[in-house]
Undergrad: 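Got a structure for you, questions after.
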2 protein chains.
Amino acid sequence: MTSKDWQKLCAERKEKQLQSIPKEWLIETPPESQANVLDVPKTCGLLTERELEITNTTDVDTLLGKLATSQWSAVEVTTAFYKRAIVAQQVTNCLTEIFIEKALARAKEVDEYLQQTGKTIGPLHGLPISLKDQFCIKGMDTIMGYAGWINKPAKKDCVLVEILYDVGAIPFVRTNVPQTLLWGETYNHVFGQTTNPINRYMTPGGSSGGEGALVAMRGSPLGVGTDIGGSVRIPSAFCGLYGFRPSYERLPYQGAVNAQVGQESISSVLGPMTNAPSGVRRFTKAIIDAKPWNRDPLAVRKPWNGREYELEEHGHGLGMCIAIMWDNDVVKPHPPLIRAMEITKAALEAAGHKVIDWIPHRHMEIYVNTERIFAADGGHDYRTDCELSGEPLIQTMSPTEDAHEYALDQPLAKTVIGKPVLISAYDLWQLHREKRELRKSFLDYWEATKATTETGRPVDAIISPVAAYTACPHGCNSDAFYTTLCNSLDLTTYTFPVTFADKELDKKAPPHEFRNHEDEAIYHLYDPELFHGLPVCLQLTGRTLEEEGVIGMTEVVDRALKAYKSM
Amino acid sequence: MTSKDWQKLCAERKEKQLQSIPKEWLIETPPESQANVLDVPKTCGLLTERELEITNTTDVDTLLGKLATSQWSAVEVTTAFYKRAIVAQQVTNCLTEIFIEKALARAKEVDEYLQQTGKTIGPLHGLPISLKDQFCIKGMDTIMGYAGWINKPAKKDCVLVEILYDVGAIPFVRTNVPQTLLWGETYNHVFGQTTNPINRYMTPGGSSGGEGALVAMRGSPLGVGTDIGGSVRIPSAFCGLYGFRPSYERLPYQGAVNAQVGQESISSVLGPMTNAPSGVRRFTKAIIDAKPWNRDPLAVRKPWNGREYELEEHGHGLGMCIAIMWDNDVVKPHPPLIRAMEITKAALEAAGHKVIDWIPHRHMEIYVNTERIFAADGGHDYRTDCELSGEPLIQTMSPTEDAHEYALDQPLAKTVIGKPVLISAYDLWQLHREKRELRKSFLDYWEATKATTETGRPVDAIISPVAAYTACPHGCNSDAFYTTLCNSLDLTTYTFPVTFADKELDKKAPPHEFRNHEDEAIYHLYDPELFHGLPVCLQLTGRTLEEEGVIGMTEVVDRALKAYKSM
């Protein structure tokens, strides 16, 4: 294809997307200069009062309860969220596939089933669910940010979608991603750039950034993202959401498209993003209860373990010892993050837990090992996908001329490992050997904390920033140093909101001794005025395949925070 | 090193091994021409009546019961098995490391603990356990068949050994392996060739062949082998044992040495080999109950699931539908194997189960994909280990001049994939992509059997040969076609004894249309006279991470066989 061809292809696809929106759902959009658009669904006039009530219901348990008792029909819930999603699309550009007819037909089926049988279809009966642009739905494209993937409809549903249908859910939109998936922001040549609804000058993060923006707009009660270096957690943190990264293969990835297929050293995982913890728990349990291992040969045959969720191994959630990693010694967190950790510490102590410091352990070595593995194919995978259409490989997530002065085109990953070079299978095995040693070292280090916790156990969990900053200007998100650790070590991790950046409380700190060029750039990036009002989230990290326990512990922390704030 | 150097090193190490045997434990060995040496422990006069009684107790539950109630002390049990192991060594050459003093000191500790506290140390209290020459014990070499690994004592115990000590077991010998571990027989330059005690003209199989010979001699109540292509199951089958291959990382491999470290596409696993099913269950449950995931970051956090063991998902073990794979369409099984399957079918039907045929599914494709992955380093791993000492890479498992006429020096793996060539990380990822597709295809195929079972479930398990033959002459074991399937697909598999080859019952079949040169060679290899009396085992295959269920189902099959034979 010539350059013109791929551009034409993208433009046509974008136009087709616009055409899929009913004319009457088009709103008068606010001026570009309006940063915060969270209020638009309410002010634009498209949604009825009842639709606003439905979509403002962030608690998934409540939504499911009303659906199961026919107080709200699946058709009206789906319609309400669909309208709000279309509003979100018009102000943040968060969607890819829009398929209103199919979703409403499904909602109608769901309603009829309940009417006819008096029973729900399953544990997610009638719940609209948005999906990152990787989860294939039969007959529909899954473009995943590549022009070359346009007009290649999926032959079948991926396993996640199969299960969602089986448990009564209603997949209803798909959401935007960056080209290659390997960025912590969201921009590609087909669908363009997604912005953060809390402040559109900012990125919603990525790679599940479309989900982040959509769920923050309450255009979806629950979205499914994927995470190989932070791609669920970064947009969750940047958009003020609950976001969950389970361990490799706990939830079924089979049949979804992906970057670097066959890279099995550090696996991408899928996880829920939502406005309240009930969504994370309900979704995760529903998928596991559906026995995904009978459809995905890699899915771990581990039934949902209620005793782990009840925190049997963590003192039943009472008097736990939680460690806080205030700084990973690679990049220093911005003041709002430090304050969020202080709030969390105080809240945990007020709830009777002990809080100790987490001293980072071989953090940079682990990061470098992982980046080397990601680069092992020398970029062959994404080059091949770009070559399909001739589109160029994107070099920045801030393609406009007014990029922020700290927009980085040379993330530390590149400076650490250099240009990706294709290595041999034997050399990859040596990286695995090193990785295994690092994982063992980290596990032993964690186990050794038993000596200091006074609970008779090692530290129950680690709380840390998700990134050194809150949502930041487009093009500036270079930091996966806090998230990648959990992907490298396959630690279950859960992001939760704590507070909002506040220019009065979060003054700029005096410069510290910079450890590297990112650390320096990140320091300078902070501007209390610019970041004011953005949500501040943290993440709680537990052990590998400890999904139930990490969900349980994060709920304990979340309740402690809510109690502390209401004191 | 010069050629002389590595030979000298090996000779010295072998001499050191001999010196580690107390003079009074040396027996008058039978002539080389005596094929079956199973009776030697009884006839040689070294073991007392009580020691014979102890070592003839194949049921591990019984042994543990007597130990827990001080009817037998750990010292006397360990002494008895040690003496019998040393007899086994003198007639089959099955051992590598011999450390009587250390084992007896440990046994003394175990006894004292029970005397002083009235409690057992743990669920394997006092049980001597033999270990394949991969499981490191602090201060001791782990030679794993390489001259270059001599005189490199381990700095610490591997995780399995740590746990064995914690649960009260007594590691007491280590056992022989082939150079590279990548053979289904047992011969290396350091310790030489291990023979099959049922017929020393035959191989005990491999790579856990030392364990096979030792446990068959009842020189150990339970041994631990490893399996990446059949290395637990082949020696179990050739020696008439129960042998268990769990799924990747269900049991902790951390800290053990291995071939091709870092090859994580198809993982080697460890599993028990024993004379009665109680050993498999007790060992597996004891290790899982010790929460190996707190010591091995790769060990799967899945507690022992009693409901799976009780076969809740398999009709509680009643009226199951089992499929038999009579032939994998690659190599046709010898007559004793066919008869063993017929016996099993009849026994299962007599016990109220349904038996249907398993039609092989993409068997050769799966095999080739796996062999390509194993060869992805172009042999770099084993060449490097040979170069340490200058020893040559072994080309045959039958190094003597009187090799059997069907000894193969060109196994099908080589003819299928050619000489191993180092491939790129990207090409390895493409093999993973193909592997994932094959696994999905096989899983869907299995699930689809639901239509024919009449149980409302897919086939509960598949029973098949472990190899196309029983134990065979040294150098003739070319067949990993029945075992590799389970490694490729990570299916839990359990080998169990059925009968013995019988020259009257197992006549040579007329030639069939040969599918490949192995199939032809294997056909010609069969000679009713030569194979008479050898044990015939089969394997039962369940799902990935279904250890509890596969143990439960194999116990059902085993009981059905025993009941049928006593009818």
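Fair warning: this is a prediction, and the values are worked out from it, not measured in the lab. What's counted below: heavy atoms across the whole structure, side chains too, no hydrogens, waters or symmetry copies. Note on naming: letters A, B, ... go to the chains in the order of the sequence lines (proteins, then strands), and numbering restarts at 1 for each one.
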Undergrad: Side chain from CB out, backbone as N, CA, C, O: work out which of these in B:L489 comes under 4.5 Å of a heavy atom of chain A, or both, or neither.
TA: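 The answer is neither part of B:L489.
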Undergrad: Which pair of heavy atoms, one from B:L443 and one from A:P297, lies closest together, and at what distance?
TA: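 Distance-wise, the nearest heavy atoms are CD2-N, 3.4 Å.
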Undergrad: Does any backbone or side-chain atom of A:E547 lie under 4.5 Å from a heavy atom of chain B? Answer side chain, backbone, both or neither.
TA: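 Nothing of A:E547, per the 4.5 Å heavy-atom cut-off to chain B.
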Undergrad: Measure distances from B:E548 to the heavy atoms of chain A and classify the residue's part below 4.5 Å as side chain, backbone, both or neither.
TA: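 Contact with chain A is absent: no heavy atom of B:E548 under 4.5 Å.
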Undergrad: Which atom pair, heavy atoms only, marks the closest approach of B:C136 to B:V257?
TA: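 The pair with the smallest heavy-atom distance is SG-CG1, 3.8 Å.
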Undergrad: Report the option among B:I373, B:D444, B:L428, B:N294 that has the most heavy-atom pairs separated by less than 4.5 Å from atoms of chain A.
TA: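 Greatest number of close heavy-atom pairs with chain A: B:N294.
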Undergrad: Would you name the heavy atoms of B:D460 and B:E313 that are closest together and state the gap between them?
TA: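 So the minimum-distance heavy-atom pair works out to OD1-O, 4.3 Å.
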Undergrad: Is it the side chain or the backbone of B:V159 that comes within 4.5 Å of chain A heavy atoms, both, or neither?
TA: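 Just the side chain, heavy atoms under 4.5 Å.
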Undergrad: Under a 4.5 Å heavy-atom cutoff, which of A:K440, A:R433, A:K302, A:E447 has the most pairs with chain B?
TA: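 So the answer, after comparing A:K440, A:R433, A:K302, A:E447, is A:K440.
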Undergrad: Checking heavy atoms, do the side chain of B:I423, its backbone, both or neither come under 4.5 Å from chain A?
TA: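 Both parts, backbone and side chain.
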Undergrad: Taking side chain as everything from C-beta outward and backbone as N, CA, C, O, which of these in A:D490 sits under 4.5 Å from a heavy atom of chain B? Side chain, backbone, both or neither.
TA: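 Nothing of A:D490, per the 4.5 Å heavy-atom cut-off to chain B.
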Undergrad: For residues A:W293 and B:L545, determine if any side-chain heavy atom of one lies less than 4.5 Å from a side-chain heavy atom of the other.
TA: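 They are not in side-chain contact.
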Undergrad: Taking every heavy-atom pair that is under 4.5 Å apart, which of B:R301, B:Q254, B:E437 has the most such pairs with chain A?
TA: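 Looking at each of B:R301, B:Q254, B:E437 in turn, B:R301 comes out on top.
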Undergrad: What part of A:T384 gets closer than 4.5 Å to chain B, counting heavy atoms only: side chain, backbone, both or neither?
TA: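 For A:T384, the side chain is the part near chain B, not the backbone.
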Undergrad: Let's test your reading of the structure: which of A:Q263, A:Q260, A:R295 forms the most heavy-atom pairs below 4.5 Å with chain B?
TA: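 Going by pairs under 4.5 Å, I would pick A:Q263.
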Undergrad: Which word best sums up how the rings of B:W358 and B:Y445 line up, parallel for under 30°, tilted for 30 to 60°, or perpendicular for over 60°?
TA: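 B:W358 and B:Y445: perpendicular rings.
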Undergrad: Which atoms of B:P303 are under 4.5 Å from chain A, going by heavy atoms: the side chain, the backbone, both sets, or neither?
TA: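 The side chain, not the backbone.
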Undergrad: Excluding sequence neighbours, so at least two apart, what forms ring-ring contact (aromatic ring centres under 6.0 Å, His included) with B:Y146?
TA: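 Here the qualifying residues are B:W149.
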Undergrad: Counting only heavy atoms not in B:K138 (residues, nucleotides, ligands), do more than 12 fall under 6.0 Å from its NZ?
TA: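 No, because the 6.0 Å sphere around NZ of B:K138 holds 12 heavy atoms or fewer from other groups.
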Undergrad: Using the side chain to side chain contact (heavy atoms under 4.5 Å, CB included) rule, take A:R457 and A:K450 through it: C-alpha gap first, then chi angles, then the decisive distance, then the call.
TA: CA-CA 5 Å; A:R457 304 185 299 272; A:K450 196 172 170 179; 5.6 Å; no
